[in-house]
There are 2 protein chains.
Amino acid sequence: MKMSFRWYGSNDEVTLNNIRQIPNVSSIVSAVYDVRPGEVWDFESIMKLKKQIEDESMEFEVVESVPVHEDIKLGKPTRDKYINNYKENILRLSKAEIKVICYNFMPVFDWTRTQLDRRLDDGSTALVYYPHQLEKMNPLTGELSLPGWDASYTKESLKEVFNEYSNITEDDLWSNLEYFLNEIIPFAEKCNVKMAIHPDDPCWPIFGLPRIITCEENLDRLLKIVDSPFNGLTFCTGSLGVSSDNDILKMVDKYSKANRIHFLHLRNIKITPDGGFEETAHMSKCGDIDMVKVLSILHQNNFTGYIRPDHGRMIWGETGRSGYGLYDRAIGASYINGIWETLSKKE
Amino acid sequence: MKMSFRWYGSNDEVTLNNIRQIPNVSSIVSAVYDVRPGEVWDFESIMKLKKQIEDESMEFEVVESVPVHEDIKLGKPTRDKYINNYKENILRLSKAEIKVICYNFMPVFDWTRTQLDRRLDDGSTALVYYPHQLEKMNPLTGELSLPGWDASYTKESLKEVFNEYSNITEDDLWSNLEYFLNEIIPFAEKCNVKMAIHPDDPCWPIFGLPRIITCEENLDRLLKIVDSPFNGLTFCTGSLGVSSDNDILKMVDKYSKANRIHFLHLRNIKITPDGGFEETAHMSKCGDIDMVKVLSILHQNNFTGYIRPDHGRMIWGETGRSGYGLYDRAIGASYINGIWETLSKKE
């Protein structure tokens with residue numbers, strides 16, 4: 001296991017030196033964030049990022065993420081251009097010695113919550129997803145802006161892309177993903193870069209948009225499209241764990257045994273009675289995910305990939321990027337360090 | 001194991017709410033700090049402290065510390081007055097439902113370091129003890145002030161107390177401790193309050209002043225003076241671990257099996273080639289103490305007492321009370337949580 005930590009680049013309020021001071025964090029997860037989805041990343045920008053990270057004695061081996069252009073998800077004629085750009089990015093990242101690329105295949109929206117600052121009893125705040133709040137949300141009225149969402153959408157362009165998806169079924173999305181993977185994975189294999197798809201977050205359709213990276217059956221289907229370790233997963237306990245239909249422990253075991261998990265996001269959540277969820281501190285007792293069991297299974301299966309503490313509450317009055325404050329993620333990393341070291345010494 | 005955290009009262013820059021937001025911290029370690037050593041604590045002050053803590057949904061069951069007046073350590077005739085005051089404090093604390101009282105028997109000085117802000121490679125700072133720095137220090141010239149030291153000493157009063165100790169041998173200190181324990185322990189037992197002596201820090205004589213709570217042989221001798229569980233230990237891995245003569249794991253096993261450890265300070269240190277030491281992050285790989293082994297032994301011996309993360313580096317630019325910043329102690333607590341939960345689930 002390599003302990004990693006996400007960093008949003010020079011504009012991130014959390015500095016590389018902050019992260020370096022967290023015991024055992026050796027790897028930084030980042031990306032070139034100032035490029036539009038679908039465009040090619042400037043090699044200088046990639047190398048600059050790598051140097052900044054190495055100057056703080058950490059490694060840059062995981063990219064999160066290289067966005068997939070909507071035209072690829074929609075299967076539009078223009079997709080081939082964007083797939084070529086995607087390949088070029090894989091090639092450039094491989095030249096920078098990147099080992100894993102995290103990406104997702106969620107239409108329009110990335111991760112979605114209904115409230116980013118839900119106050120908990122102890123005064124900390126967390127991201128939550130409440131169905132009764134979602135009912136009141138309508139992306140097309142444009143009142144809505146969440147950090148997971150591409151802020152570059154105007155109300156008009158959002159209407160447009162919703163229209164384009166109106167006749168895209170789940171099966172269409174599957175065949176567009178299949179087309180993409182058949183192009184990308186063999187190329188990534190040549191470049192020796194492992195692709196690691198992130199599950200949909202939450203793992204169900206929202207606003208009538210299809211979502212397919214949601215459950216064991218669909219992950220099996222995904223991994224079979226190109227049956228190669230380079231067609232792998234970013235296993236996110238939080239994204240998959242919010243559906244009680246998902247047997248997280250079984251899935252971690254199955255996919256780590258098969259050597260298809262290259263990167264883990266460890267986040268804890270509590271499912272609410274109405275089928276929503278609240279993000280919690282990482283510790284098992286705080287949520288529904290048993291972190292010790294998850295990590296025990298990974299350890300048994302000799303997991304050697306990357307782990308990062310995902311999201312976290314806002315504590316101690318910290319302000320900043322929702323889910324990506326320094327404090328609770330550092331506490332999470334340290335908790336995971338304690339678990340992993342204990343597992344390593346109990347053998 | 002009950003996870004606890006030290007709090008210095010309303011003047012502490014770290015607030016109770018800060019501490020409450022650390023997962024699994026259920027118990028606050030504090031004291032009435034505005035009273036001179038040897039004096040009786042105002043019951044109102046004790047109850048006010050208890051209420052402040054309970055208002056943040058935590059418990060107040062461990063006091064650190066009730067200082068032992070120098071006249072007791074020196075065996076002066078006036079000691080009986082101060083021993084009676086000490087008993088009165090035990091009684092009052094028992095009425096506030098305090099379970100454990102931490103104290104120490106170090107002449108004049110509490111914990112001693114030669115530098116409080118040694119900068120590490122990653123930009124964090126730590127407390128260190130370097131013999132070459134100690135040689136240059138002379139408490140009697142009064143240039144010296146470290147947080148562990150009773151600031152109320154003037155240069156003159158310090159000279160005075162040094163003079164009084166000039167003819168106190170280790171044996172004298174032992175008989176004065178014996179006199180104290182024979183008075184205190186039976187009384188504490190009646191009050192159902194466990195006394196937990198803290199080892200000398202570092203565990204060797206400094207500035208010619210004798211120190212006796214330093215090693216296994218002496219801890220054995222101490223525990224035999226009154227062979228009761230109420231005559232117990234605050235086992236501090238950092239204080240005892242800085243001497244390579246101390247087999248920490250053997251001592252933890254022996255004293256936790258014997259049910260004489262009521263409170264633990266978990267701190268990590270690195271012994272320097274010249275026989276000094278540097279405090280480090282809590283994680284085993286950062287120092288010479290194997291935290292997983294320490295906690296495994298405690299877990300095997302069904303330890304049910306209190307643990308607190310002790311000291312810590314100053315990270316993320318935090319300023320404040322040396323060794324008692326919020327950030328690195330919270331990271332330490334979380335690391336210990338991960339270890340303990342894993343041990344509990346591996347059984």
Side-chain angles (χ1 to χ4, degrees), chain A residues 3 14-26 56-58 120-126 268 280-287 290-293 295-296 299 309 312-318 326-347, chain B residues 3 14-26 56-58 120-126 268 280-287 290-293 295-296 299 309 312-318 326-347:
Chain A
M3 181 59 71
V14 178
T15 67
L16 285 172
N17 186 256
N18 290 154
I19 297 168
R20 177 186 181 182
Q21 293 178 350
I22 305 166
N24 203 45
V25 175
S26 61
E56 284 287 358
S57 307
M58 295 179 286
L120 309 176
D121 293 345
D122 64 7
S124 61
T125 64
N268 210 341
T280 70
H282 297 79
M283 195 176 184
S284 304
K285 72 189 279 185
C286 302
D290 188 322
M291 286 296 168
V292 167
K293 286 192 181 153
L295 287 158
S296 300
H299 193 267
R313 305 160 300 155
M314 278 297 184
I315 59 173
W316 306 334
E318 183 176 19
L326 170 62
Y327 302 149
D328 206 32
R329 284 190 298 153
I331 282 177
S334 195
Y335 168 69
I336 295 162
N337 283 337
I339 295 171
W340 195 262
E341 183 187 337
T342 309
L343 293 169
S344 308
K345 289 177 177 174
K346 294 289 277 190
E347 310 287 289
Chain B
M3 181 59 71
V14 178
T15 67
L16 285 171
N17 185 254
N18 290 154
I19 297 168
R20 176 186 182 182
Q21 293 179 350
I22 305 166
N24 203 44
V25 174
S26 62
E56 284 287 358
S57 307
M58 296 179 286
L120 310 175
D121 294 344
D122 64 7
S124 62
T125 64
N268 210 341
T280 70
H282 297 81
M283 195 176 185
S284 305
K285 72 190 280 186
C286 302
D290 189 321
M291 287 296 168
V292 167
K293 285 191 180 152
L295 287 159
S296 299
H299 193 266
R313 305 161 299 155
M314 278 296 183
I315 60 174
W316 305 336
E318 183 176 19
L326 169 62
Y327 302 149
D328 207 31
R329 285 190 299 154
I331 283 176
S334 195
Y335 168 69
I336 295 163
N337 284 337
I339 295 172
W340 195 262
E341 183 186 338
T342 309
L343 292 169
S344 308
K345 290 177 176 174
K346 294 289 278 191
E347 310 289 285

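Letters go in sequence order (proteins before strands), and every chain restarts at 1.
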Let's test your reading of the structure: which of Asp290(A), Val14(A), Ile22(A) forms the most heavy-atom pairs below 4.5 Å with chain B? Asp290(A)
Value rounded to 0.5 Å, distance of CD1 in Ile331(A) from CD1 in Ile331(B): 7.0 Å
Those residues at least two apart in sequence (or on a different chain) that pass side chain to side chain contact (heavy atoms under 4.5 Å, CB included) with Thr280(A) are Asn268(A), Lys270(A), Cys286(A)
Hey, does the side chain of Asp122(B) reach the backbone of Asn17(A) with a donor-acceptor pair shorter than 3.5 angstrom? no
Derivation and outcome, side chain to side chain contact (heavy atoms under 4.5 Å, CB included), residues Asp121(A) and Arg20(B): CA-CA 10 Å; Asp121(A) 293 345; Arg20(B) 176 186 182 182; 4.2 Å; yes
Restricting to ring-ring contact (aromatic ring centres under 6.0 Å, His included), what partner residues turn up for Trp340(B), sequence neighbours left out? His299(B)
Looking only at heavy atoms, the pair that brings Asn18(B) and Trp316(A) closest together is O-NE1, 2.8 Å
Within this structure, what is the CE-CD distance for the pair Met291(A) and Glu341(B), rounded to the nearest 0.5 Å? 9.5 Å
All heavy atoms of Val292(A) vs all of Thr342(B), minimum pair found to be CG2-OG1, 3.7 Å
Looking at Ser284(A), Ser57(A), Ala330(A), which has the largest count of heavy-atom pairs under 4.5 Å with chain B? Ser284(A)
Interface check, chain B: of Lys293(A), Lys285(A), Met283(A), most non-hydrogen pairs under 4.5 Å belong to Met283(A)
Closest non-hydrogen atom pair between Gln21(B) and Ser124(A), with its separation: NE2-N, 3.2 Å
Rounded to the nearest 0.5 Å, what's the gap from CD1 on Ile336(A) to OH on Tyr335(B)? Could you check? 14.0 Å
Please determine, among Asn337(A), Asp328(A), Leu295(A), the option with the most heavy-atom pairs under 4.5 Å with chain B. Asn337(A)
